[in-house]
Structures are given as C-alpha cells and as structure tokens.
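Report on the following structure.
Note that ligands are numbered from 1 as they come in the structure, with each ligand's atoms numbered from 1 the same way.
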Amino acid sequence: MQVFDQVRDMQLQSLSWRAAGWRIAFVPTMGNLHEGHLDLVREAARRADQVVVSVFVNPLQFNDVADFQRYPRTLNDDLRQLSKLNVAAVFTPGEAAMYPEGRESVTRVEVPQLTDELEGAHRPGHFTGVATVVTKLFQAVLPDVALFGEKDYQQLLVVRKLVADLNLPLEIVGRPTRREPDGLAMSSRNRQLSADERRQATRLYATLQWVAEQVRAGQRHFAELEAGAWEQLVTAGFEPEYISIRSAADLRLPAGGEPLVVLGAARLGRVRLIDNLRI
Ligand code: PAF
C-alpha cells in the first residue's frame with residue numbers, strides 16, 4: 001500500500017494505472033475510520049482494479065472552528081486498518097497540499113438550491129467546502145467510481161449533482177448506512193459521546209423509525225409527524241435542529257406519491273448527530 005501526500009504524486013500514479021487500462025475506485029474520508037468506511041472500501045475493491053482512499057480533515061467544510069479542532073485524527077490507526085484491505089494507495093494531503101495559496105482564496109464549487117436547506121441551513125458554507133474538496137480530490141485521484149455513505153444523504157445528492165453538472169467522467173455509488181447493533185448510525189463523532197449520551201443516542205434512529213412507520217401506515221400530516229418526532233427527541237434529551245420528511249430524489253418538500261426520506265439532525269451535549277431513513 002502506497003501513501004502519497006502530494007497531489008502531483010497521486011495524479012502520476014493514477015495516470016499510470018489508467019494508461020495500463022486499470023479501473024480506479026475512490027473512497028474519500030476524513031479518517032478515524034470505522035466499519036462504515038471499511039464497507040465502502042470493500043465495495044470499492046469489488047468495483048475496480050485499484051482502490052484509493054483519501055484521509056483529509058477538510059477545514060473548508062467546518063463552520064465551527066472548535067468542531068474542526070476536536071475532530072478525531074487517527075492516521076496511524078487508519079493506515080493500519082487500510083493495510084489489511086485491498087487498498088493500493090492512501091492519499092493523505094496536508095492543508096498546504098490541498099490549499100497551497102490558502103483556503104480563503106481557493107476557487108470554490110457551489111451547488112445552489114439543494115444546499116439551501118437542512119444541513120446547508122444549519123451549517124453555512126459546509127457544502128461549498130465539501131463540493132470544493134471533493135472536486136479537488138477527484139482531480140487528484142482521477143477515479144472511475146467514487147463511493148459515499150448514505151448516512152450523509154444530502155452530501156451524496158450534492159456530490160451526484162456536481163458530478164452531473166460539471167460533466168465529471170465518473171460514477172457515484174451510495175452505500176447503505178452501517179449501524180451499531182442498537183441502531184445508532186456509525187460515525188466518527190460517536191466516539192465523542194459520553195457513556196450516558198451514547199445510550200440516549202439510539203433515540204435518534206428510533207424516532208426516524210417511528211416517523212417512517214407512521215407514514216407507511218398512511219399518516220399524511222407530515223408537519224404533525226415532524227412535530228411529534230421533535231417532541232420525542234426533546235424528551236430523550238436532544239436539542240433537535242431539524243426533522244424533515246422530503247422527496248428522496250431531490251430533498252424537495254413532498255408533492256405526493258414519490259419515494260420519501262426522513263432526515264434528522266440533533267445535538268446531544270456538544271456532539272451533533274445526523275441520520276436519515278428511506279421510507
Ligand atoms: O463525508 C466525509 O467524510 C467528507 O465530507 C468528505 C466527503 C470526505 C469530504 O471531506
């Protein structure tokens with residue numbers, strides 16, 4: 001397994017794989033890998049000849065400096081886990097490699113409308129940071145296919161849209177959310193929960209399941225359901241940010257009859273959790 005920390009070195013390796021006719025699959029991450037990431041890596045290996053994983057905690061997508069500073073960084077452990085899988089290269093650029101002239105002046109990629117609500121409304125600038133870094137990572141790794149977890153559902157749609165709008169020649173694959181045995185969606189942030197918060201945290205998924213069951217049972221008063229879910233989260237000790245039933249295809253408000261997704265974000269102490277469930 002090779003490790004590259006410069007964009008040009010990564011590109012040269014990918015160009016030589018492409019010249020040899022090999023297919024490249026890419027899994028972008030911010031490190032602190034868990035089973036959800038490893039599932040993406042295993043699926044990547046099924047879809048291509050060479051698998052590249054990136055580890056970069058992207059400052060441009062954090063709207064909260066404290067959140068960026070305490071984001072867990074465990075590169076040695078990440079490399080150890082990846083070395084046991086079928087990974088050809090890990091791309092670990094530092095900030096200077098990704099934003100050599102500083103991140104303030106870097107050219108940005110914006111995906112309007114889709115990013116105005118939900119995560120976008122609560123984390124101003126977040127999706128511009130994600131869209132920008134993902135585009136730059138694609139240009140460094142030159143993949144044929146890139147894999148993303150559905151836990152960050154809005155992010156997955158944002159990436160699909162930027163790839164379509166900018167005519168980027170790669171396929172985007174979404175993979176189902178991996179969960180702990182009690183239902184909590186796997187996330188690097190879970191490790192920041194205290195033991196009590198970890199027990200409470202399962203209520204987020206349980207609440208989304210309750211909403212999904214009500215919709216499946218024919219309840220169509222979505223605003224009432226969202227308010228009921230909000231109450232449940234408050235009672236369980238959360239500070240909810242949003243609970244919203246949306247069209248699964250584009251996150252618009254449901255018009256009727258289309259596949260739906262319920263999405264939620266809520267704070268537990270200083271940890272912000274998000275989750276979603278297709279209905
Ligand atoms: O989902 C993540 O870990 C990040 O948003 C990503 C896609 C690696 C971009 O920094």
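At a threshold of 4.5 Å between non-hydrogen side-chain atoms, the residues Arg267 and Phe238 do not count as touching. Inter-residue side-chain proximity for Pro28 and Phe148 is flagged as met; some heavy-atom pair is nearer than 4.5 Å. A heavy-atom distance below 4.5 Å is not found between the side chains of Leu204 and Gln209.
Aromatic ring orientation, Phe62 versus Tyr71: perpendicular (interplanar angle above 60°, classes split at 30° and 60°).
Heavy atoms from other residues, nucleotides or ligands lying under 6.0 Å from CG of Asn190 number more than 12.
One side chain, Arg8 or Gln11, offers a donor N or O that lies under 3.5 Å from an acceptor on the other.
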Report each N/O pair between ligand 1 and the protein that falls under 3.5 Å, naming both atoms.
residue	atom	partner	partner atom	Å
ligand 1	1 (O)	Gln155	NE2	2.8
ligand 1	5 (O)	Gln61	NE2	2.9
ligand 1	5 (O)	Gln155	OE1	2.7
ligand 1	10 (O)	Gln61	OE1	2.6

